[in-house]
Amino acid sequence: MLESSARELAGELVGRRRSINRELSRNGVRFGIYADGHYEDRLFPYDPIPRIIESAEFTDLEHGLKQRVDALNACLRDIYSDKNIIKDGVIPEEYVYTSVGYFPQVNGVTPPGGVFAHIAGEDLVQGEDGQWWVLEDNLRIPSGASYPLFVRDIERRIYPTLFRDIHIRDNRAYPRLLRKSMDFVSTEGIAVILTPGRQNSAFFEHSYLAEKTGAALAFPEDLEVVQNRVYFVDYAGNRHRVGVIYRRLADEYLDPFSFNPDSVIGIPGLLAAYRSGNVAIMNAPGNGVVDDKAMYYFVPAMIEYYLGEKPILQNAPTYMPMFDRDRKTVLDRLGELVIKDVAEAGGYGVVFGSSLSAAERGEMADRIRREPRRFIAQEVIPFRDIDIVDPKSGEQTPRKADLRAFVVTGQKTHVWYSGLTRYSAVQGEMIVNSSQGGGFKDTWVLSPAQSEELSKQTQRDVVNLLGNRARRTPALVTAAKADNLYWLGRYSERTFTTIGQFFPFYDLVMDTQVEAFRPFAHALDLPEDFHDFDTFIHSFLYDADNPDSVRSAVLGAFNNAVVLRPELGSNLLQYVELAVKTIGDAAHGDLASENIYRQRDITDYMLSLWGGIEDSALDPVLKAFLFIGKYLERVDLYTRFKLPEDDLIAPLNKLSAYAAMLDEMPLPQCFASGARWLMEQLPLRGYEDLTVRINEFLNDFQGRVLDLDSGKRSVLNAMNMDARRP
C-alpha cells in the first residue's frame, strides 16, 4: 500500500523535472569525463522517477550489506597480518599476491580504529524475480553518494508537501555518518578530504562532502610530512596537524616514496606517517586486494570463514578461469556469459559474449587461456528495467538500472538509507556507468509503519543534522586558496564593472555614434580599429578564447570559485554558476535578440555573490582576501575609465577596511604585486595622488608580505588571462 501510494505521488516529480534539472545546473552538480585525451565537465543526467524500495526489503538488504562489509573488513585485517585465510586454503595465495590491489608496503599495519574499508560502495542489481545480486564491491574510492544527497534536497524544495504525504527515510544523515567515521579513526588533528585536483571526474563530490562534513578540502600541495606527521600548510607557512585523510586518489599515486615514484599528486612520506600510526587514511591503502573482481568470487567464503554465517546476499554466479573446471565452462559457454577484465573499472573491460562474432570469441578465448588470472566470467542476470522519462520525447521508457549502496564503518557499521541508482543511456544496454553516458535517479527507501521508536529516531536525526551544520573546521587558508579568493574578487569585479561601463557606450553606438565606442576600447587595451562592429562586440562579450572578453572574466571567476565550495558553500557558488550559464547561452544565441541586455543579469549575480559572502559566517580572513582583490580591480578599472577621484574614495576606503581585517597577518605576494603594479599605472593615467593611498595599503603590511609564489605548485590559482594585469 505504502509503495503504490509513493509511486503515485512520485509521478508528480515528472512534471517538475525541468525545475530540478535547472537547480542541478545552477549548483554545478557535475562529473568529469575524459574522451580522446580531452577533459570535459558534464552535468550528470538526472531522471525524476525515483527508485522506490519497501521498508522490509531494504531491511533485508541492510543486514546483508553489513554482513558483507564486516567480512571484507575482517579479510583485509587478516591478509595484511596473519593471513589465516590463505594458510587455511580458503583463498589461494596466488590470488592475493598477484592482485594489482595488493601492496606489501602496508603489511603488518593495523589502521587507527582497526577499520580498513570506511566507505564501501556495493553495486547491486535486482533480478526480474525480485532477488538482489551483488555485482561488485568498491572499497578504494567509491563515488556517487553526493548526487542523491544533493538532488533529494532539491526535490524537497521543489515539492515540499510530497515528503510530508509519504514516509521516506531521511537521507540527510550521510555527511554525519561520514564525519563520525572520520572522528572515530582520527589520530590527532584536523580532518581533510584529499582531492587530486579540479579535473578529477568526482571533484564536485569531493568539494561538496568537504562542505557538508566540515572537513578541509586539501590539494596535494597543501599537505606535507614532517617527522612522520602530516600537516596542512596554510598560506603563511604555518602547519596544522592532520589526524585523518579521506583520500580521493588511487593507492599508487598516494606517496611517490612508497608507490609510483612518478606521481606528482602524492604526498611524499605519507605512508611512513600512516605506518607510524600518526594519521588515519580513509579508505586504507591496499584495500584493492579485496575489491579485485577476482577476489569477489571468494566473498561468500569470507563470510562463512570470518563470521560463521551463511551469506544473506548472493554473488552473481561467477567462474574463475584460473581453475581448470571453471575455465572449461567459460570456454564452452563463452557466447552466453559476460567477461570482465579484473583490472578495469567504470564499465570498461566488460564484454558480453553474445555480442562477439565467431572470430572475436576465438580471440577472447585465446586471451583467457594466456592470462586466466586477468578475467572472470559471470552469468548474465536479466535484471529489472526501471522507467525513465526520455529527455527527447518526454515519454516514459524502460532502462536497465543498478544500485550503489553506501556502507559507512566507524565504531559501528551503518548502511545509508538511500543510494545511487544509475541507469543506462540506451534502452536494452546493460552498462549503466556514468562514464558510459548513463544517468542517475534518487533512491527512496520507505519508512516502516509509524511508531514511537521511529519518531524518536527522526528527532535524533534532526538534532544531529542541525549540529552538523554548526560544526565547521576553523578556516585554514592555503596559499592556493588565498590566490583563488583574490582572483575571484578581481574577476567578479571585472565582470561587474566592465558590463556596467559597457552599456552607456553601446547605447551611444546604437544611436549611430560608432566613434563613441573607441574610448571604451582604449580604456581596456582592446583593438580600436574595428571594421565590423558587431563582430567586435561578439568577440568582446562572448569569445572564451579572447582573454579580454567578458566571458573570459566570468570563466575566470568560476574557475577560481569552484574550488572554494567548502568555504563559500553551494548556495553562494550557484551565483557564479548562473553567470557562466547566462553568458554561455548568449554566446550560442539561445537568448536571440535579448543576448546583449541579458548580461545585466550577470551583474545581479555578482551583487548577490558579494552580498551573500559579506552576510555569511565566512571567516573574516577569507572575506578580506576576496574583497581586497575586488577593490584593487575596481580602482584599476575606474582609473582606466577616467572616473572622477571622488568615485574612488569609497573603493579605497573599502580596501583599507578589509586590509585591517587581516589583523597582523601577512599579505600574500600576489596581493602586493597587484598593488605595486597599480601604483605604477596611476601616474600614467593622471591619478598620481592616489598612489599615496595604495602605498599606505602596502605599508600596513611592512615586513609582512610573503615572498612566495603561491601558484608554483597549484594546479588552479590566479589563472590571470590578461598578462598586462597582474
Side-chain angles (χ1 to χ4, degrees), residues 53 56-80 84-86 88 90-91 95-96 99 101 111 113-127 130-145 174 177-178 181 282-284 286-318 320 340 342 345 376 378-379 381 383 402-422 443 445:
I53 303 176
E57 182 179 15
F58 191 84
T59 298
D60 292 340
L61 280 176
E62 185 176 21
H63 292 158
L65 289 167
K66 284 183 178 179
Q67 178 194 62
R68 191 174 181 97
V69 171
D70 285 345
L72 289 165
N73 263 308
C75 187
L76 284 164
R77 281 192 293 272
D78 186 18
I79 282 176
Y80 286 112
N84 289 322
I85 199 166
I86 298 173
D88 291 341
V90 178
I91 300 178
Y95 277 91
V96 174
S99 170
V115 182
F116 283 78
H118 308 79
I119 305 100
E122 297 295 306
D123 291 346
L124 306 105
V125 295
Q126 189 172 27
Q131 181 177 348
W132 287 92
W133 302 84
V134 180
L135 290 188
E136 212 169 88
D137 306 289
N138 298 280
L139 308 181
R140 284 173 277 190
I141 44 175
S143 295
Y174 186 80
L177 294 175
L178 182 56
S181 179
M282 302 169 49
N283 282 331
N287 278 9
V289 66
V290 167
D291 76 3
D292 182 319
K293 287 184 176 66
M295 291 290 281
Y296 161 93
Y297 180 91
F298 300 102
V299 175
M302 293 178 199
I303 293 170
E304 295 196 29
Y305 182 79
Y306 292 112
L307 307 181
E309 301 169 358
K310 293 292 183 182
I312 297 170
L313 293 173
Q314 301 302 313
N315 278 12
T318 304
M320 298 286 286
K340 295 183 178 180
V342 301
I376 63 169
Q378 293 178 330
E379 299 285 353
I381 296 176
F383 55 99
D402 76 350
L403 171 66
R404 173 164 290 182
F406 290 89
V407 184
V408 182
T409 302
Q411 189 171 11
K412 298 180 179 179
T413 300
H414 299 272
V415 178
W416 183 36
Y417 291 152
S418 187
L420 177 67
T421 292
R422 301 174 295 183
T443 304
V445 179

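We number each residue from 1, following the sequence as shown.
The aromatic rings of Tyr174 and Phe406 stand perpendicular to each other, their planes meeting at an angle above 60°, with 30° marking the opposite boundary.
The shortest non-hydrogen separation linking Cys75 to Val290 is SG-CG2, 4.1 Å. Looking at every heavy atom in both residues, Gly286 comes nearest to Leu76 through O-CD2, 4.0 Å. Shortest non-hydrogen contact noted between Leu135 and Ala316 is CD2-CB, 4.0 Å. Here the closest heavy-atom approach between residue Ala120 and residue Pro142 is recorded as C-CG, 4.2 Å. Nearest heavy atom pair, residue His414 against residue Lys66, reads CA-CE, 4.5 Å. Between Ala405 and Leu124, the shortest heavy-atom distance links the atoms CB-CD1, 3.9 Å.
Not counting sequence neighbours, Trp133 has no partner by the side-chain hydrogen bond (donor to acceptor under 3.5 Å, both in side chains) test. Scored by the ring-ring contact (aromatic ring centres under 6.0 Å, His included) test, Phe383 finds no partners at all (sequence neighbours excluded).
Side-chain contact between Leu139 and Phe116: absent, with no pair of heavy atoms (C-beta onward) separated by less than 4.5 Å. Contact annotation: the side chain of Ile53 approaches that of Trp132 to within less than 4.5 Å [non-hydrogen atoms, C-beta and beyond]. Using a 4.5 Å heavy-atom threshold, the side chains of Glu122 and Leu72 count as touching. Residues Gln126 and Gln131 fail the side-chain proximity criterion, which asks for heavy atoms closer than 4.5 Å. Between Leu61 and Val415, the closest side-chain pair of non-hydrogen atoms is not below 4.5 Å. Counting heavy atoms from C-beta outward, Met295 and Val96 have side chains that approach closer than 4.5 Å. Two residues are said to be in side-chain contact when any heavy atoms from C-beta on lie closer than 4.5 Å; Asn73 and Thr413 fail this criterion. Taking the side chain as every heavy atom from C-beta outward, Tyr95 and Tyr297 never approach each other to under 4.5 Å.
Judged purely by atom type and a 3.5 angstrom limit, Asn283 uses its side chain to pair as donor or acceptor with the backbone of Ile119. No side-chain donor-acceptor contact under 3.5 Å links Asp88 to the backbone of Val90.
Of the residues Arg68, Arg404, Lys293, the one that meets the salt bridge (charged side-chain N to carboxylate O under 4.0 Å, His left out) test with Asp123 is Arg404. Checked against Thr318 for a side-chain contact (heavy atoms from CB on, under 4.5 Å), the options Lys340, Gln378, Glu379 give a single hit: Gln378.
For Gln314, the CD atom counts as densely surrounded, since its 6.0 Å shell holds more than 12 non-hydrogen atoms of other residues, nucleotides or ligands.
The distance from atom OG of Ser181 to atom CE of Met282, rounded to the nearest 0.5 Å, is 3.5 Å. To the nearest 0.5 Å, atoms CG (Leu313) and CD (Gln67) are separated by 7.5 Å. With rounding to the nearest 0.5 angstrom, the CD1 atom of Ile79 is 5.5 Å from the CD1 atom of Ile86. For the atom pair CD1 (Ile376) and OH (Tyr296), the distance works out to 7.0 Å, reported to the nearest 0.5 Å. Atom-to-atom distance recorded for Ile303:CD1 and Glu309:CD is 8.0 Å, nearest 0.5 angstrom. Taking CG of Asp137 as the start and CE of Met302 as the end, the distance is 8.0 Å to the nearest 0.5 Å.
Side-chain N/O atoms of Asp78 and Tyr306 include a donor and acceptor closer than 3.5 Å.
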